[in-house]
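Before any comments, here is the structure.
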Amino acid sequence: MIETAVQYIYILSAALFVFSLKWMRSPTTARRGCFAGAAGMLLAIVGTLMRPEVVDYKLIAGAFVIGIIAGVPLAYLMPMTAVPQRTALSHAFGALAAALVGTAEYYRATPHGAVMVALVFETLLGFLTFTGSMMAFGKLQEILPQRPITYRNQNVINLSILGLAVAAGVWLTIQPEHAWLFPIFIGLSLIFGVLLIVPIGGADMPTVIALLNSYAGLSAAAMGFALGNRLLIIAGSLDGSSGLILSIVMCRAMNRSFTNVLFGAFGQVQATAGGPHEQRTVHSASAEDAAQILDSARSVIIVPGYGLAVAQAQHKLRELYDVLTRRGVDVKFAIDPVAGRMPGHMNVLLAEADIPYDRLFEMDDINSDFAQADVALVIGANDVTNPAARTDKSSPIYGMPILDVDKARTVMVIKRSMSPGFAGIDNPLYYLDKTLMLFGDAKSFVTDLVKELSEVAKAA
Amino acid sequence: MIETAVQYIYILSAALFVFSLKWMRSPTTARRGCFAGAAGMLLAIVGTLMRPEVVDYKLIAGAFVIGIIAGVPLAYLMPMTAVPQRTALSHAFGALAAALVGTAEYYRATPHGAVMVALVFETLLGFLTFTGSMMAFGKLQEILPQRPITYRNQNVINLSILGLAVAAGVWLTIQPEHAWLFPIFIGLSLIFGVLLIVPIGGADMPTVIALLNSYAGLSAAAMGFALGNRLLIIAGSLDGSSGLILSIVMCRAMNRSFTNVLFGAFGQVQATAGGPHEQRTVHSASAEDAAQILDSARSVIIVPGYGLAVAQAQHKLRELYDVLTRRGVDVKFAIDPVAGRMPGHMNVLLAEADIPYDRLFEMDDINSDFAQADVALVIGANDVTNPAARTDKSSPIYGMPILDVDKARTVMVIKRSMSPGFAGIDNPLYYLDKTLMLFGDAKSFVTDLVKELSEVAKAA
Amino acid sequence: MLTDLEVGLYIFMLATFLGLEIIRRVSPLLHTPLMSLTNAISAIAVVGSILITGAAHASTLTRTLGFIAVTASMTNAVSGYLITDRMLKMFKTRKPANRPGAAQ
Amino acid sequence: MLTDLEVGLYIFMLATFLGLEIIRRVSPLLHTPLMSLTNAISAIAVVGSILITGAAHASTLTRTLGFIAVTASMTNAVSGYLITDRMLKMFKTRKPANRPGAAQ
Ligand SMILES: NC(=O)c1ccc[n+]([C@@H]2O[C@H](COP(=O)([O-])OP(=O)(O)OC[C@H]3O[C@@H](n4cnc5c(N)ncnc54)[C@H](OP(=O)(O)O)[C@@H]3O)[C@@H](O)[C@H]2O)c1
Ligand SMILES: NC(=O)c1ccc[n+]([C@@H]2O[C@H](COP(=O)([O-])OP(=O)(O)OC[C@H]3O[C@@H](n4cnc5c(N)ncnc54)[C@H](OP(=O)(O)O)[C@@H]3O)[C@@H](O)[C@H]2O)c1
């Protein structure tokens, strides 16, 4: 009886997860989607607690309390710019749970056949995702060096470790009794997770995180096979496919392949191959000059990039938007799909600052407008404005979708120096005659601009 | 062992059905989709034949032979314009099979509980879809009167019959031993299928067919529950959801609700409420005049409608397209989503005549082009060109998406008379000063046009 | 561990969602062939029909009903796929084609 | 009639297809919250963790591992949904808003 009730609860829970993802399609229903997901999880937990096999609630209750105490501040105290790190950390937790369940199940029941195959998958994926995500967290949080670390025969070594782990796993599925092999298998999985991330640059982490999301999901699905639990299979495979799609989308947006992200050690090669520095002139300007130009413009397109997130300048930017709008300037925001370090990074950032999102335009919708714009104001963006992606076949970012800021009458670029962005390459945009470099930290420079503009307003 | 192999074959078959529908998304992959569907069906059949329960192959082989002998000519001899009828007939067959399996299973095993519930669903849906589809076939083939047949208290009577059928079904699930009730249950289901279609006009049949498709699918899914067969559940629910979506799309395209289609007796009300015939003048023209105008036009938009299908004029139209193109006229085709009597009807028709489909434009893409067109040539279309849908709130088709043919410099309309189209209402377009009525059967009139134009060509 | 009914419900839920997702994205251009394809897929009732007809100790009634059912769904499958393919053949991409329209 | 493995494969296939279909249509605008939502959903491992931890005759090893697993996935679930909601709250449609930008 109870078992039947549990199954219906599980089916409902699975349906809620599906709705949850469906509702994430549009901003108007997205919060409902999040709520549905949480409700699905609650049902899953309640259903599981109801099962007759679960007899001891003390430890579980304790773990729940700790989980809630740890989870709430993790959600509310994290600044929005730390979302990538938090996601990485969270993956590590999820994958660890899956891996530990697999381990415990092995020592408890030492299963055979298909169940053991599933268990091996679960444990392998779980542990490698655990260490991999911890590494990713370290790189994003800048505890570990951001740059890719490479050494000779790296790929050969990595693949051998993976090969050994898989071999141990196969052996275990054939002879599950070899309990001494299991810790070795675990160790190899853990090491492989670390080695997988070492050669990947910090800036590629978001793509890797999406991929690790996929692994964590598959690990949960494998757990479902091992425990004969359909809800785990459904939720796990929804996750697995979601992570896969997201990482593909991100690779495609950067015009790179999976292999290139995973084995390309991107960020190092380009930094050294930056090319000879020809002595080319740039025009720079002060906040006062820039404010004047902005004030006399009729239409301004603002192009935010990673530097905006670094400088946490979104709220100041909102003030700039307000003051310009009040002075009758038509202000739009151009969002490149790969601006920042996470898909939708800029959207989240600008939304945080309460910038109305009917002023935000996707690349394809706004690229034709640059030709009519008086000013393109680039704030902390670099690669996504690099015209070399359109014209220079030899450039590593050739083919990456970029914003056509160079078509605007005047281009202004706020950044701290002439140093390159994520791709580590020079940006010809800066040497154009129509380009004014506004050197400084994004937040303080925008503050200055707002001040100047307000003074103009008062004077008028 | 064999049972396991069968399950893997079934899983593969289910995956093929999913791919089959996925590939139907675009014309480039659609044939592959059809092939995948056929392969899935073949696997399903092979898998089933392999099962140990199946011991007697003689009857099955005989039925296969008959099925193939009947199926091949049904596919190749049917003219494309008879597609709606054929689909209706085919639904009748599919649903009959499901219903008979349910009946046989009842007499064989007299199941209880959930299985009996599934069986009742299967049989009810199967039989009502069977007679409903036969009725739809009759109306489309014009064996039965096309117009809706209504009488007093119709809805009350229909719902009572359905209520009785459901009551019998419920009784049977509670006490499956009451074998005398089963034939009554079957009879009620069959009668309800007939009554359901009687009040629906012939022209609404395509929507109804889509809905019946959904029922047939659900019936197969119910069979899956009754027999504990997952493949049936998957294929059935794919079908069920597909039929549902298609009928919703069709209703929406006509700006009508489900209830209105099922209970509105559309086609009758409007025909009688056609309104007083004011004496308004129309301009008509001969093929010769029309050919001259066409020849001097730079751009012509052709608007095909149901009349083109009736007259089977698509091949002649292709000739007209060729001759106009050769004379340097830019010819486009404007496809309204509800033109004809099936979704995509016009696309199929024009594709049959080999008209390159990069010349076919959906309503939203072409509506703005009419203002620049010299001639809009309407062939056998009526409702989809009726400006009342845009302007006249009291019109029964108000809100239906239409083609803005009245924006063109000159409008020419080929039809046989002033009689109305499917919605049974007058078309103000015909009384415009810029409109020329070209009275005649579409096929013969287009033939005349081609002849005239070729002569002009020779003369030049 | 699970009854057939529960497994069935899981599968029904997932397949229905999947169907809704996929079909919603089919271009209206292809709605007519789609309808005829799903119509052909509904011939899956052949699976049940075979099981009924080929069973070991089937009564004459069962066999007769089963025979009709196999025939009906087989006709449905054969004609359904063939006509869908026939329709789709017309959709193949063509070069801007200028051979004179092949009259019927 | 069916083994767990076979049922699992049916369900895995359907759920994967469904996931691929749904996610492909999520607007890039929402990719970051989506990632954090699916991350929270991966806390479903809590189901297995509870089963391990709460079992009747569990060894100390099993209990310890289970305890860590429940804690980890519970943290994951709680923080995951809360932060996703926090992010999404920012996306709510606003009137063309002209209150002065609320500095941090
Ligand atoms: N969105 C994604 O999903 C994703 C994922 C992975 C990788 N990526 C990659 O990330 C890149 C994103 O392009 P992007 O244009 O947004 O960023 P970017 O090319 O990395 O450039 C950021 C620029 O911001 C400037 N900056 C940094 N801190 C600043 C501060 N405090 N104030 C002002 N400026 C500051 C830096 O120049 P200074 O040092 O001179 O100030 C830098 O040139 C692309 O190459 C993309 O392929 C994106
Ligand atoms: N597409 C779908 O899925 C679907 C489904 C159900 C209903 N519908 C409805 O069907 C209608 C479709 O509109 P439509 O404009 O295509 O067709 P329509 O409004 O039904 O008009 C067809 C016209 O063709 C003319 N015609 C008939 N036979 C002809 C022949 N042999 N030669 C020349 N002309 C001929 C008729 O006029 P004469 O008699 O004067 O010749 C008639 O006015 C809409 O109201 C729509 O809502 C569509």
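Below, chain A is the first sequence line, B the second, and so on; all start at residue 1.
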| note | Of the listed C:Val70, C:Thr62, C:Val47, the one with the largest count of heavy-atom pairs under 4.5 Å with chain B is C:Val47

| query | Under the 3.5 angstrom rule, does the side chain of C:Arg86 hit a backbone N or O of B:Ala75 as a donor-acceptor pair? | reply | yes

| note | Of B:Leu96, B:Ile248, B:Asn213, the largest count of non-hydrogen pairs under 4.5 angstrom with chain C goes to B:Asn213

| Given side chains that start at C-beta, do those of B:Asn347 and C:Leu30 come closer than 4.5 Å, heavy atoms only? | no

| query | Taking every heavy-atom pair that is under 4.5 Å apart, which of B:Gly94, B:Ala97, B:Gly71, B:Ser90 has the most such pairs with chain C? | reply | B:Ser90

| note | Looking only at B:Arg359, B:Glu105, B:His91, most heavy-atom pairs under 4.5 Å shared with chain C are made by B:His91

| Pairs of heavy atoms under 4.5 Å with chain B: top-ranked of C:Thr16, C:Asn39, C:Val78, C:Ile52 | C:Asn39

| remark: Greatest number of non-hydrogen atom pairs under 4.5 angstrom with chain B, of C:Arg24, C:Arg25, C:His57, C:Glu21, falls to C:Arg25

| said: Counting heavy-atom pairs closer than 4.5 Å to chain C, which one of B:Leu231, B:Val115, B:Leu89, B:Leu232 comes out on top? | reply: B:Leu232

| field | Toward chain C, the part of B:Ala70 with a non-hydrogen atom under 4.5 Å | value | both

| field | chain B contact via C:Ala56 - side chain, backbone, both or neither, heavy atoms under 4.5 Å | value | both

| Quick one: does B:Arg86's side chain get under 4.5 Å of C:Ser36's, heavy atoms only? | yes

| said: What part of C:Leu5 gets within 4.5 angstrom of chain B, counting heavy atoms only: side chain, backbone, both, or neither? | reply: both

| chain B contact via C:Leu9 - side chain, backbone, both or neither, heavy atoms under 4.5 Å | both

| task | Measure B:Ala30 against the heavy atoms of chain C and call it side chain, backbone, both or neither at under 4.5 Å. | result | both

| message | Need one label for C:Ser59: side chain, backbone, both or neither, based on atoms under 4.5 Å from any heavy atom in chain B. | response | neither

| said: With chain C as the partner, which of B:Leu59, B:Leu74, B:Leu238, B:Thr87 has the greatest number of non-hydrogen pairs under 4.5 Å? | reply: B:Leu59

| remark: Okay, C:Leu37 and chain B: the region with an atom under 4.5 Å from a heavy atom over there is side chain

| said: Among B:Tyr107, B:Tyr57, B:Phe35, B:Phe64, which residue has the highest count of heavy-atom pairs closer than 4.5 Å to chain C? | reply: B:Phe64

| query | In chain order, what residues pass the side-chain hydrogen bond (donor to acceptor under 3.5 Å, both in side chains) check against B:Tyr10, with sequence neighbours excluded? | reply | B:Thr48, B:Arg51

